[in-house]
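One structure below.
Throughout, a chain's letter reflects where its sequence line sits, starting with A, and its residues are numbered from 1. Quick caveat: nothing in here was measured; it's all calculated off a predicted structure.
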Amino acid sequence: MKNKGEIYRISGPVVIISGLNTKMYDVVKVGKEGLMGEVIGIEGDKSTVQVYEETSGVRPGEPVENTGMSLSVELGPGLLESIYDGIQRPLPVLKEKMGDFIKRGVSASGLSREKEWDFVPTVKKGDKLNGGDIIGTVQETQNIEHRILVPPTISGTISTIKKGKFKVDEVICTLEDGKELTMMQKWPVRKPRPVSKKMTPTTPLITGQRILDGLFPVAKGGTAAIPGPFGSGKTVTQQQLAKWSDTEIVVYIGCGERGNEMADVLYEFPEIKDPKTGRPLMERTVLIANTSNMPVAAREASVYTGITIAEYYRDMGYDVSLMADSTSRWAEAMREISSRLEEMPGEEGYPAYLAARLSEFYERAGKVKALSGKEGSITVIGAVSPPGGDFSEPITQNTLRIVKVFWALDAKLAQRRHFPSINWLNSYSLYTKALGPWYDEHVSPDWVKLRNDAMELLQKESELQEIVQLVGSDALPEDQQLTLEVARMIREYFLQQNAYHEVDTFCPMDKQFKLLKSIMSWGDKAQTALEGGAAIEDIMKLKSKDDLAKVKYEKEFDTALGVILNTMEDEFAKLKR
Amino acid sequence: MTKEYKTISKIAGPLIFVEKTEPVGYNELVNINLPDGTTKRGQVLDTSDDIVVVQVFEGTGGLNKECGVRFTGETIKLPVSKDMLGRILSGSGEPLDGGPRIVPEDRLEITGAAINPYARLPPKDFIQTGISTIDGMNTLVRGQKLPIFSGSGLPHNEIALQIARQARVRGSNEPFAVVFAAMGITNEEAQYFMRDFERTGALERAVVFLNLADDPAVERLITPRLALTAAEYLAYEHDMHVLVILTDITNYCEALRQMGAAREEVPGRRGYPGYMYTDLASLYERAGVVKGRKGSVTQFSILSMPGDDITHPIPDLSGYITEGQIVISRELHRKGIYPPVNVLPSLSRLMNSGIGATRTREDHKAVSDQCYAAYAEGKDLRGLVAIVGKDALSERDKKFLEFADMFEDRFVRQGIDENRDIETTLDIGWELLAELPEAQLTRIDNKYIQKYHPAHRAKAEQKE
Ligand SMILES: Nc1ncnc2c1ncn2[C@@H]1O[C@H](COP(=O)(O)OP(=O)(O)O)[C@@H](O)[C@H]1O
Ligand SMILES: [Mg+2]
């Protein structure tokens with residue numbers, strides 16, 4: 001067998017070739033137009049290839065060539081602010097080369113070969129280097145310093161190191177054994193980048209979303225899934241996380257979803273300022289957009305492309321978060337390819353290796369000590385789109401077996417425009433305990449108790465609701481009516497958060513604490529008043545209660561809350577008399 | 001002339017299997033010559049050195065192993081021209097109106113390449129349909145794909161036509177067109193559309209593709225693609241704003257399922273092919289606005305939910321792709337309310353970018369959110385009242401219960417020719433909200449309450 005073969009059969013994105021010497025995951029160039037594909041099966045002298053581009057018109061007998069390389073991404077300065085398709089082709093470059101519509105047979109490298117970057121070395125001649133070490137920096141965007149890493153597989157002693165302006169493929173460093181280093185390295189996407197060791201996550205990812213930070217936090221380096229039927233808020237939540245999370249780098253993967261949603265992000269992110277740095281969000285973001293109508297094999301690859309880029313920034317010592325919207329479309333891409341291969345189907349037609357692929361993916365999240373010695377993390381948040389909104393299906397179930405945080409979206413809540421429509425009774429976070437000390441130190445020693453009390457009230461509410469369904473709320477004893485009211489306040493005033501409101505869209509930890517504390521203390525005071533003989537009707541009519549409803553929208557939150565707390569004191573004092 | 005093969009080895013459902021061919025391209029267009037001199041068309045689904053699988057659009061009725069098969073060497077293309085406007089074509093693009101063949105200005109691939117997401121412009125131009133439940137609660141914008149989820153016997157056709165008649169982008173009189181594609185609907189239904197198009201003069205600005213219930217099912221797989229190709233041509237080459245109505249998506253999906261079964265594929269959920277999501281996306285995603293081009297493609301398709309079940313794979317997969325859905329309710333229809341739109345499960349995902357101070361009115365979002373919350377609560381209480389009776393409700397709850405009734409009666413209900421502007425719609429919303437205690441309007445900023453709430457409005461207007 002040789003390096004050139006020919007096409008034997010074509011069925012959509014799956015092409016079978018004969019007479020070509022291949023290894024699994026080799027990238028091959030298929031047909032006269034050299035369409036990019038990847039070997040995903042080998043039998044006898046035939047190899048099965050998934051092709052990343054449209055295959056209409058391609059014929060049996062056309063030539064196929066093996067590049068001998070695995071599907072890889074280019075890593076180096078210039079990733080930030082980029083938007084790629086599933087195989088790291090920059091969409092602006094594709095637009096320039098082939099117009100508004102995605103045609104095929106066009107290759108485009110992930111990193112620009114034209115652009116020059118100012119490289120400042122941090123090592124010198126004679127230094128010994130190991131894989132993953134930092135040899136210098138480039139200011140990639142105003143706030144992100146790109147640390148140039150030795151590829152993990154290379155080590156040696158520096159014989160020359162340069163300083164100044166270079167393109168990503170120019171040599172900046174040579175080793176004594178003659179190896180040459182550039183600012184760019186390639187890495188095969190299906191292979192996790194090595195780390196020195198994995199660590200336990202202990203810091204929360206602060207998202208500015210009250211129900212997430214408050215009730216079901218995810219740790220930096222943790223994993224979360226957000227399953228829900230269509231229209232329940234997966235995408236908006238993921239975008240909110242991409243906008244407001246306190247990570248340094250964001251990788252956002254639009255995997256098999258809508259084109260307009262990606263266009264939205266592209267228009268919005270350059271305009272929105274990172275609350276921490278004041279710089280446009282786009283400067284810390286890498287976008288991967290392989291929409292539902294783009295080739296399905298490239299959709300399958302998009303998730304790997306994204307996580308590899310995330311690992312690369314993690315290795316520099318950054319906290320990275322990765323959103324994949326939606327992992328179900330990725331799994332479906334696997335199913336589509338698998339069924340064309342006529343593989344033995346597993347549950348609901350998904351390939352038998354589905355669970356393994358999902359856990360391999362989420363396993364690439366984590367807090368780590370990188371090869372360079374720096375600490376970095378990847379938080380992975382995957383949207384799941386269960387058919388018919390039924391969480392018992394294989395993707396949701398397999399995902400929940402792996403991830404530590406479950407944000408259960410609820411169509412009923414979405415229908416009444418309770419957003420984020422995350423069900424507070426079904427969701428969970430397995431990090432709350434581990435993060436406790438962090439809250440004590442950075443928010444308040446009261447925080448954990450406050451949150452537990454709120455959760456307890458919500459739990460109680462749902463029990464009481466069952467009774468109300470039978471007898472009506474007026475039949476309840478007064479203290480239980482009050483419980484219902486305070487629970488309602490927690491839901492409406494605290495949990496509900498409007499992503500489209502200029503103030504409410506992002507809520508810092510301190511504000512979350514004060515808001516929840518005020519609501520709970522209103523509840524305590526009301527309880528005391530009730531016990532002191534005040535009438536429930538009078539308590540319910542207090543202005544301070546209504547004022548608390550809208551205080552979250554105030555630009556001058558502290559001032560406004562101060563006024564309300566005073567009103568509250570006065571009102572309850574009067575009630576007593 | 002390409003070579004003719006007489007090597008059909010097998011005919012199964014809509015598929016034929018052809019042996020011993022020269023290399024044939026994937027997706028290539030195929031002509032099949034019958035012994036009686038007629039020709040059918042098909043498309044290559046699978047091709048190899050040994051065997052080529054072809055799906056025959058007009059169905060395999062009348063075919064036998066003696067038929068001649070010619071591979072044309074090219075994929076399916078639609079001849080397009082501005083003169084298509086006013087024409088009625090078959091589900092495979094042949095004139096049905098006795099007019100001449102289209103003299104093409106161009107011939108376009110009907111599969112249509114994906115719009116590069118980087119080339120898209122986020123849609124944001126508010127389309128006023130004159131229907132309150134849509135404009136007020138689930139706003140449509142230019143370039144959106146927003147289907148109607150309906151059921152058999154419900155007035156979705158009336159609603160689609162009312163929208164086709166009334167839809168306007170306010171303050172604009174840019175050229176617009178309608179592309180209408182029928183897939184497997186009855187002749188009577190098709191006539192209903194045609195008559196309305198003729199009556200209102202819309203036909204002159206319309207291109208109609210008809211695949212009716214008694215036309216071959218496989219043809220339905222290309223009908224919407226022809227329609228969308230025509231729409232894109234008018235939008236992107238002739239700067240028109242095109243409204244595409246595809247009806248009924250469910251019939252399309254049934255054809256897809258039939259084809260999958262014929263190919264003996266492993267079926268997905270409820271027998272529909274595992275790739276149905278991707279296939280539907282290749283239709284729905286052909287809506288949008290492209291940077292630097294004047295026209296746009298808006299899709300307002302009709303989908304009937306089998307058994308009124310929104311979790312059925314057809315509405316389910318559609319909802320995952322489209323930018324929302326307008327859900328028609330049998331319950332409201334039974335109550336005699338037109339248009340029977342159930343706003344609760346309805347959604348327009350692009351609403352937020354199409355409304356607000358500069359587009360509709362500053363209080364739009366707040367009014368809509370508050371109406372949603374109040375109506376949802378009122379509807380829940382109906383359930384409770386059925387068990388415990390109205391007297392067990394608190395005063396507050398009674399107000400919400402009444403709100404739900406009024407909302408259906410005054411906001412949802414309107415005439416089939418009643419064209420409400422957005423201000424009217426929002427003002428009706430306010431009138432209803434004013435019946436609730438003001439402290440309950442927790443979704444609305446106080447400044448809007450001061451300005452628009454009927455109790456304050458007179459004062460606010462005096463001040464101005
Ligand atoms: N936090 C939120 N605040 C306000 N509106 C929201 C929020 N989350 C979701 N929505 C509304 O719900 C709609 C559907 O949300 P989306 O995230 O697109 O759902 P999914 O991705 O689950 O289909 C959005 O268009 C928006 O109107
Ligand atoms: Mg989504």
Chain B contacts, top residue of [options] (heavy-atom pairs, under 4.5 Å):
{"options": "E257(A), M98(A), K541(A), E54(A)", "result": "E257(A)"}
{"options": "H418(A), E348(A), R335(A), R329(A)", "result": "R329(A)"}
{"options": "P229(A), P295(A), A414(A)", "result": "P229(A)"}
{"options": "D546(A), I83(A), I16(A)", "result": "D546(A)"}
{"options": "V468(A), N293(A), L287(A), D390(A)", "result": "N293(A)"}
{"options": "A289(A), G349(A), G389(A), G12(A)", "result": "G12(A)"}

By a 4.5 Å heavy-atom criterion (distance strictly below it), what part of [X] contacts chain A: side chain, backbone, both, or neither?
{"X": "I76(B)", "value": "neither"}
{"X": "R263(B)", "value": "side chain"}
{"X": "N352(B)", "value": "side chain"}
{"X": "D391(B)", "value": "neither"}
{"X": "S353(B)", "value": "neither"}
{"X": "R286(B)", "value": "neither"}
{"X": "V266(B)", "value": "side chain"}
{"X": "I387(B)", "value": "side chain"}
{"X": "P315(B)", "value": "backbone"}

Heavy atoms, side chains only, cut-off 4.5 Å: are [X] and [Y] in contact?
{"X": "K550(A)", "Y": "N446(B)", "result": "yes"}
{"X": "L121(B)", "Y": "Y267(A)", "result": "yes"}
{"X": "Q496(A)", "Y": "R443(B)", "result": "yes"}
{"X": "Q325(B)", "Y": "F230(A)", "result": "yes"}
{"X": "Y277(B)", "Y": "E332(A)", "result": "yes"}
{"X": "N498(A)", "Y": "K365(B)", "result": "yes"}
{"X": "P117(B)", "Y": "R258(A)", "result": "no"}
{"X": "R417(A)", "Y": "Y375(B)", "result": "no"}

May I ask you to name which of [options] has the most heavy-atom pairs under 4.5 Å with chain A?
{"options": "L347(B), T278(B), I444(B), D369(B)", "answer": "T278(B)"}
{"options": "A373(B), S282(B), S394(B)", "answer": "S394(B)"}
{"options": "G288(B), G268(B), S368(B), P123(B)", "answer": "P123(B)"}
{"options": "L344(B), N27(B), T311(B)", "answer": "L344(B)"}
{"options": "A113(B), A392(B), G319(B)", "answer": "G319(B)"}
{"options": "D309(B), T322(B), L283(B), L381(B)", "answer": "T322(B)"}

So how far is it from [X] [atom1] to [Y] [atom2], rounded to the nearest 0.5 Å?
{"X": "S385(A)", "Y": "Y320(B)", "atom1": "OG", "atom2": "OH", "value": "5.0 Å"}
{"X": "E109(B)", "Y": "S56(A)", "atom1": "CD", "atom2": "OG", "value": "6.5 Å"}
{"X": "E265(B)", "Y": "R340(A)", "atom1": "CD", "atom2": "CZ", "value": "7.0 Å"}
{"X": "M540(A)", "Y": "R396(B)", "atom1": "CE", "atom2": "CZ", "value": "9.5 Å"}
{"X": "D279(B)", "Y": "S292(A)", "atom1": "CG", "atom2": "OG", "value": "11.0 Å"}
{"X": "K95(A)", "Y": "Y118(B)", "atom1": "NZ", "atom2": "OH", "value": "7.5 Å"}

Check for a donor-acceptor pair, side chain of E492(A) on one end and backbone N or O of T442(B) on the other, with a separation under 3.5 Å.
no
Any sub-3.5 Å donor-acceptor pair from N116(B)'s side-chain atoms to F101(A)'s backbone N or O?
no
D264(A), L266(A), N260(A) screened by side chain to side chain contact (heavy atoms under 4.5 Å, CB included) with R120(B), the one that passes:
N260(A)
Member of R416(A), Q469(A), K412(A) meeting the side chain to side chain contact (heavy atoms under 4.5 Å, CB included) criterion with D380(B)
R416(A)
Step through the shown structure and confirm whether more than 12 heavy atoms of other residues, nucleotides or ligands are within 6.0 Å of CD on E96(A).
no
Name the region of [X], side chain, backbone, both or neither, that has any atom closer than 4.5 Å to a heavy atom of chain B.
{"X": "P345(A)", "answer": "side chain"}
{"X": "Y8(A)", "answer": "both"}
{"X": "T291(A)", "answer": "side chain"}
{"X": "K543(A)", "answer": "neither"}
{"X": "P386(A)", "answer": "both"}

Holding to side chain to side chain contact (heavy atoms under 4.5 Å, CB included), I want the full list of residues that pass it with S82(A), two or more places apart in sequence or in another chain.
Y84(A)
Applying the side chain to side chain donor-acceptor pair (under 3.5 Å) test to R9(A), which of D46(B), T47(B), D50(B) qualifies?
D46(B)
Quick one: do E28(B) and R59(A) make a salt bridge, cutoff under 4.0 Å?
yes
Salt bridge (Lys or Arg N to Asp or Glu O under 4.0 Å) with K124(B): which residues, sequence neighbours excluded?
none
